[in-house]
Amino acid sequence: DWEFGMVARKLLPEKKSVDTDCYRAVKDELELATAIEAIRKAGRVALSVQGSRANPHEGGLIGISLCWSPTDAVWVPLESQPGSTLDPSNARDAVKALLEDASVGKIGHDLKPVIHRLHAEGIQLAGIVGDVMLLDYALIAHLEHNLEGIAQRTLGHSMAQVDAQPSLLASDFIRGAVEPAHVTFLLERRLNRRLDEGTRYVYENIELPLLPILAEMERTGISIDLDALAAVRVDIQKRAADLEKECHTLAGEDFNVGSPKDVSRVLFDVLELPKTHSKKRKTGWSTDATVLEKLSEVHALPATILEHRQ
């Protein structure tokens, strides 16, 4: 289905699937209020954030793109810009209220970094109802799931590559900023229709609910008792050394327990155990877990080697 669509788009006449002419920047508070009112009326919005820092945990939010219909997509700069009367502080407050309102559904692509960047700015994203990366994964797990790739194979659309601009209101910058939100909105509608009962259950009841939980786990991390961890390491090293000695005793000679070639030589040449369940390899007879388990029925060494490997 999807692969056929990719081939068809190469053969058929090109048709514009993403109208970038509808992109605009919000330049005053009235425009922002009007956009937010329309978003609340629509009930859901696709979003994309732009930051000045590579690490999303460090925040650096400079603006956000919002799309709530196929022809409504805006860029909201959150820093002062020449030619704009939009107050950055008021804009942040308005955007924060929208993003934290769970009654308005939020859609994105790879939302985990977005959650981190917003959290670093004191904004808790609520009402997540779609993530195009997870949606695409639920449908076709074997392909890559970056936004550019999904847009190309699903919409036949090549996304703009825009370098940093001196002004956040430059037309090229606006397209590069708004396009991810717009494309995400279009993709979510199209891909969602392709879910069957099974993939929809996984996507809606497992993948999406886990998204904010995993983000919180990444931020929080885990507490480790370093002394206890060191004690475990010492214990494992001692057990491994003891098992290695036991292997040497059972074999009647020293050998490299971690070497499949050496293990094969000892089992089949020295001890002459049956090769019934093994296969000939370039480095000798196979000594994988299945083979060792079978050989454990006739000799103690294979079981000890298995324990050492674990």
Side-chain angles (χ1 to χ4, degrees), residues 54-58 110-117 119-120 131 133-134 136-138 140-146 198-199 201-310:
N55 185 350
H57 294 276
E58 297 177 357
D110 191 12
L111 277 174
K112 198 135 57 72
V114 174
I115 293 172
H116 290 321
R117 194 177 297 280
H119 182 270
D131 187 313
M133 185 179 78
L134 297 178
D136 190 58
Y137 177 79
I140 35 177
H142 67 282
L143 297 180
E144 292 187 4
H145 307 287
N146 58 72
T199 53
Y201 180 86
V202 171
Y203 175 62
E204 294 181 351
N205 295 281
I206 299 176
E207 297 288 0
L208 280 180
L210 273 176
L211 183 56
I213 296 172
L214 293 174
E216 185 176 357
M217 289 173 64
E218 286 185 3
R219 284 197 308 273
T220 304
I222 59 174
S223 296
I224 297 177
D225 185 328
L226 295 179
D227 291 336
L229 184 63
V232 170
R233 184 186 300 112
V234 170
D235 179 62
I236 290 174
Q237 290 172 341
K238 182 180 182 303
R239 288 171 59 194
D242 291 344
L243 286 168
E244 186 173 28
K245 289 180 181 179
E246 186 177 349
C247 286
H248 294 165
T249 300
L250 290 170
E253 65 175 66
D254 290 353
F255 68 99
N256 185 353
V257 182
S259 166
K261 183 177 181 180
D262 236 15
V263 170
S264 175
R265 179 187 63 80
V266 169
L267 293 180
F268 300 117
D269 296 340
V270 176
L271 298 179
E272 298 182 343
L273 297 182
K275 301 171 182 175
T276 310
H277 302 289
S278 183
K279 292 182 180 179
K280 185 70 173 178
R281 310 290 189 194
K282 289 182 180 180
T283 57
W285 289 90
S286 172
T287 58
D288 60 24
T290 303
V291 173
L292 293 179
E293 286 172 0
K294 290 292 183 181
L295 291 176
S296 297
E297 298 173 3
V298 296
H299 199 282
L301 178 57
T304 309
I305 293 174
L306 266 176
E307 189 176 356
H308 182 273
R309 287 181 179 179
Q310 294 170 356

Results of side-chain contact (heavy atoms from CB on, under 4.5 Å) for [X] - residues two or more places apart only:
| X | result |
| --- | --- |
| Glu216 | Arg219, Thr220 |
| Ser264 | Phe268, Trp285, Thr287 |
| Ala120 | none |
| Asn205 | Tyr201 |

Begin from the C-alpha positions of Ile236 and Val234 and carry the test side chain to side chain contact (heavy atoms under 4.5 Å, CB included) through to its verdict. CA-CA 6 Å; Ile236 290 174; Val234 170; over 6 Å; no

Might you point out which heavy atoms bring [X] and [Y] nearest each other, and give the distance in Å?
| X | Y | result |
| --- | --- | --- |
| Leu273 | Val298 | CD2-CG2, 4.4 Å |
| Val257 | Cys247 | CG2-CB, 3.9 Å |
| Ile115 | Pro212 | CD1-CA, 4.3 Å |
| Ala54 | Arg117 | O-NH2, 3.9 Å |
| Leu301 | Ala251 | CD2-CB, 4.0 Å |
| Ser278 | Ser286 | OG-O, 2.7 Å |

Qualifying salt bridge (Lys or Arg N to Asp or Glu O under 4.0 Å) pairs, either residue in residues 265-276, two or more places apart: Glu253-Arg265, Asp262-Arg265

With a 4.5 Å heavy-atom cut-off, do [X] and [Y] have their side chains touching?
| X | Y | value |
| --- | --- | --- |
| Leu267 | Leu292 | yes |
| Leu295 | His277 | no |
| Val114 | Pro56 | no |
| Leu211 | Ile213 | no |
| His308 | Thr304 | no |

Using atom types as modelled and distance alone, determine if a side-chain donor or acceptor of His142 lies under 3.5 Å from a backbone N or O of Ile140. no

Are the side chain of Asp131 and the backbone N or O of Asp110 linked by a donor-acceptor pair below 3.5 Å? yes

For Tyr137, does the OH atom sit with more than 12 other heavy atoms under 6.0 Å from it, leaving out its own atoms? no

To the nearest 0.5 Å, what is the distance between [atom1] on [X] and [atom2] on [Y]?
| X | Y | atom1 | atom2 | result |
| --- | --- | --- | --- | --- |
| His57 | His116 | NE2 | NE2 | 4.0 Å |
| Arg309 | Leu243 | CZ | CG | 13.0 Å |
| Glu246 | Leu250 | CD | CG | 5.5 Å |
| Leu143 | Asp136 | CG | CG | 7.0 Å |

Lys112: partners by salt bridge (Lys or Arg N to Asp or Glu O under 4.0 Å), with sequence neighbours left out: Glu218

